[in-house]
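Below is one structure, written out as structure tokens, with a few remarks after it.
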Amino acid sequence: MLKTHNCGELREEHIGESVTLAGWVNRRRDQGGLIFIDLRDRWGMTQVVADADGTPDAHAVAEQVRNEYVIQIEGKVRQRPDGTENPELATGAIDVVADTITILSKSKTPPIYINKEDRMDETMRMQYRYLDLRRPSMQNNIILRHRIVKFIRDYLDNRGFVEIETPILFKTTPEGARDFLVPSRLNPGKFYALPQSPQQLKQLLMVAGYERYFQIARCFRDEDLRGDRQPEFTQLDLEMSFVEREDVLQLNEGLVLALVEALVPEKKLLSKPLRRLTYTEAMETYGTDRPDLRYKLEAIDVSDIAGKSAFAPFQQNVADGKPVKVIRAPGMAGQLSGTALRKVTGELETLIRDVGAKGLGYIAMPLDETAEVKGPIGNKFTVEQKLALFERVGAEPGDLLLFTSDTREIVYAVVDKLRRELAERLGLIDPQLLAFCWVIDFPLFIWDDEAQRWDPSQHMFTAPMPEDLELLDSDPGKARGTQYDLVCNGYEIGGGSIRIHDRELQEKIFPLIGQTMEHATEQFGHILEAFEYGVPPHGGIAWGIDRLAMIFAGAPNIREVIAFPKTQTGADIMAHAPSYAEPGQLEELHIDVVADVLEEA
RNA sequence: GGGGGCGUAGUGUAGCGGUUAACAUGCCACCCUGUCAAGGUGGAGAUCGCGGGUUCGAAUCCCGUCGCUCCCGCCA
């Protein structure tokens, strides 16, 4: 080894020892006869001193050294002189007096700062990702991610789970996303699909009798990117045999709580055990099945009151069975002038038009309780209606009441949008809070208006709730699935279900979702066949490891916890991927690229 | 596929129709023996993403295009 110690471990107890350190120059402070070098490695920082009188050779080299040079130091650990200790630094009680300094590798002036946390253009960071990843904050994120995965492996191993790898070159899986295709040279004209998840394979492993399987699995979905979505991402994929919904929830809840305690003990849990919401509760109150419970801002249904108001759109909507909901933004109206109020509500209105809303109604509660309320719909309510309304929503002086009314779907979308925006604007988010919850009792099917048929809300292997089985015949839309989602801080962290293990039930589901036996056999024949050879009841879950790591790291997007992520256009700026293929490669694959695309090449 | 924001020395930003494009930081040189965001003095560094247009005059206005990013669609 070119080092005897790392740069984060030397303490007073090492004083007097001869040590060899190696790492990167974080910063150099040249005082003429005395040069200080902050030497940095993965474990920390140690101050190295080169003295023109005491160690002239080392001092001469230190004069040549620049930021990010890789150097090796041989020297002695010494107590820092009185008054020069640095309490900010873990190693701040000592410094290392260099006898010799060896430059192992020089560095150009880096295009991005490594020794300071500064805003940076994403293009720069991605182009020089290896330098971005050298920054201590990124190293912390990547190492935290490692510790999460390591903890999960140990935890599940201790509970009888077996980690089994499944193929990357496979076949379409029954999830709704677009597949990545890989051409097969040996089978001209045929393509593999990269797995969107190992869903089928893990069920087959249950058929195979492994009973408890997990995998840290790379998954691929060819859809547009978001801050929390990359085309390739990592799931903790897990499946258990002979379980009911509660068993899967309990095991995963145990894992969640243990992870938090072990890896982010400084964070606060919203509740323990985790709160459970039904899908309906989540949608009606928060407008989404992945609510952010770090703040309240709950939507309150006021259809009965608003429907009787003099505001025609509310009357009409309520008559049509469309809801009117209110979100109370505490103190948001405050002392805003009429102009300022219109500016704020105008901005919010712009935001919700994106999700299809036609407008935003509002009432501003005055600070003086005897004053009249402000807002265009305020005078459409009678005094009695106003009192009932204010009591219903718990209005306080200075509050801003935001009204939304439209189809259920649009109202949900507006509520979700407004909650996220208001929480941000009002500073209601506690960054230390982890608001985990389970969302359960999803509908088994969602009506597809375009195709005029039911669609599985998760996938076609999701089992109905046992008590809802008869509903499959009488009222499929009311049937609940065994599906469960793990949600944290407004992100879906995981989702799963108990699977259908009964061939008869499976065959009953197919026609409901417009799936013919023939088509199903073509696509999933191997599963259906496997299910004729003794299938244990089973269920499982998949977690989004990137999102979990992002939340644990307090990062704003998953790129911060992925070593080499893609940009929003799915590109790798550093390696220039994707790129055009050599004609010879395409020929071997029996693939032609259409002319208009080639012209740009 | 659609909408918004951003693109100016190595880096991060200011300038938003009018002389020589500003600030911070980094970089280079010199001075400096207890600094740790060291300090001091001096210096170099920008065809203002790219292409076109409007104008006497464009970093600034308009159109197109490319890149990054946020959102809708898409995706659980």
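None of these values were measured; they are calculated from a predicted model. Just so it is clear: chains get the letters A, B, ... in the order the sequence lines come, proteins before strands, and each one is counted from 1.
Separating the P atom of B:rG12 from that of B:rG7 is a span of 11 Å, rounded to the nearest Å. Comparing the C1' positions of B:rG45 and B:rU11 gives a spacing of 13 Å, expressed to the nearest Å. For B:rG73 and B:rG53, the P atoms lie 40 Å apart once the distance is rounded to whole Å.
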Worksheet item: For every nucleotide of nucleotides 37-48 of chain B, 5' to 3': is a protein heavy atom under 4.0 Å from its base (B), only from its sugar-phosphate (S), or from neither (-)?
Response: SB----------
Discussion item. Base contacts versus sugar-phosphate-only contacts with protein, heavy atoms under 4.0 Å: please encode nucleotides 65-74 of chain B as B, S and - from 5' to 3'.
Written reply: --SSBBSBBB
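On a pure distance criterion of 3.5 Å, a polar donor-acceptor pair joins the side chain of A:Y113 and the base of B:rG10. On a pure distance criterion of 3.5 Å, a polar donor-acceptor pair joins the side chain of A:R80 and the base of B:rU35.
Taking a pair to require two hydrogen-bonding distances under 3.5 Å in either a Watson-Crick or a G-U wobble arrangement, B:rC6 pairs with B:rG67. A 3.5 Å limit on both hydrogen-bonding distances identifies no Watson-Crick or G-U partner for B:rC32. B:rG45 is unpaired under the criterion used here, namely a Watson-Crick or G-U wobble arrangement in which both key atom distances are under 3.5 Å. Across all strands shown, nothing is found opposite B:rC74 as a Watson-Crick or G-U wobble partner with both distances under 3.5 Å.
For the segment residues 484-499 of chain A, residues with any heavy atom less than 4.0 angstrom from an atom of RNA chain B are, sorted by number, A:E492.
Across every non-hydrogen atom of A:N557 and A:G227, the tightest pair is CB-O, 3.3 Å.
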